[in-house]
Amino acid sequence: MTRGTHMSDYDANAVPARLAFAVGRLNRRLVGATGGLSHGLLSALATIAKSGPMRLADVAQIENVSAPSVTRVIAELESRGLVARNADATDGRAFLIQVTDAGMEAVVLARAARAQATKTLLEILDESELAAVEAALPALERVVGQI
């Protein structure tokens, strides 16, 4: 709690609290479905696959991590052959990170594994509950900036 905030101000039944709790639980259940990559490695790799080639600073900004953290992540991805560093043609002092074919395959496989794990979790829902989840997707995608 932040200063001036009291537990009585927190409503566990409010939509933001319930959504945060559900998304957090869902994410924890999907952590293992990443094709052998940690969440951080997969997230950075997917960012580079979608937006690359890009500079380290751009990856750090998008991933909301520090420069030393992104340097470690990129070094690990590079050691696995999932990304490559290339000289930046516009700035000889810098380099650009781009996904390799193996990196793109890793992203596709991890997404498929996460989709399959999510499908298994959704199997407990009846038709109307599944329809409600489907109806909520455009709003959720908008919130996270997917569309």
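- With rounding to the nearest 0.5 Å, the separation of CG in Leu109 from CZ in Arg111 is 11.5 Å.
- Nearest heavy-atom pair across Ile62 and Thr47 is CG2-CG2, 3.5 Å.
- Looking at Glu63 and Val70, their side chains never come closer than 4.5 Å, going by heavy atoms from C-beta outward.
- Under a hydrophobic-cluster definition in which Ile, Leu, Val, Met, Phe, Trp and Tyr are linked whenever side-chain heavy atoms come within less than 4.5 Å, directly or via other members, Leu56 and Val73 are assigned to the same cluster.
- Heavy-atom minimum distance, Leu45 versus Gly103: CD2-O, 3.6 Å.
- Proximity of Asp126 to Glu129: side-chain heavy atoms (C-beta onward) are separated by under 4.5 Å at one or more points.
- Met54 is connected to Phe95 through a chain of hydrophobic side-chain contacts under 4.5 Å among Ile, Leu, Val, Met, Phe, Trp and Tyr, so both are in one cluster.
- Of the residues Val65, Thr71, Ile48, the one that meets the side-chain contact (heavy atoms from CB on, under 4.5 Å) test with Val59 is Ile48.
- The pair Glu76-Arg72 fails the salt-bridge criterion, with no side-chain N (NZ, NE, NH1 or NH2) lying under 4.0 Å from an Asp/Glu carboxylate O.
- Put simply, Ile124 and Leu121 are part of two different groups of oily side chains (I, L, V, M, F, W, Y) that touch within less than 4.5 Å, one to the next.
- Atom CG of residue Asp101 and atom CG of residue Leu82 lie 11.0 Å apart, to the nearest 0.5 angstrom.
- More than 12 non-hydrogen atoms from other residues, nucleotides or ligands lie less than 6.0 angstrom from CZ of Arg85.
- Contact between Ala49 and Val99 at its shortest, heavy atoms only, is CA-CG1, 3.9 Å.
- With rounding to the nearest 0.5 Å, the separation of CZ in Arg114 from OG1 in Thr118 is 7.0 Å.
- Using a distance-only test at 3.5 Å, with no hydrogens or angles considered, a donor-acceptor pair links the side chain of Thr100 to the main chain of Gly81.
- The cluster map of Ile, Leu, Val, Met, Phe, Trp and Tyr, joined by side-chain heavy atoms under 4.5 Å apart, puts Leu140 and Val23 in the same cluster.
- Using a 4.5 Å cut-off between side-chain heavy atoms of Ile, Leu, Val, Met, Phe, Trp and Tyr, with links allowed through other members, Met104 and Leu77 fall into the same hydrophobic cluster.
- Counting heavy atoms from C-beta outward, Ile97 and Asp58 have side chains that stay 4.5 Å or more apart.
- Other residues, nucleotides and ligands contribute at most 12 non-hydrogen atoms within 6.0 Å of the CD atom of Glu127.
- The two residues Ala106 and Leu37 make their nearest non-hydrogen contact at CB-CD1, 4.3 Å.
- Put simply, the side chain of Glu134 does not reach to within 4.5 Å of the side chain of Leu130, judged on heavy atoms.
- The structure places CZ of Arg55 at 4.5 Å from CG of Asp88, a figure rounded to the nearest 0.5 Å.
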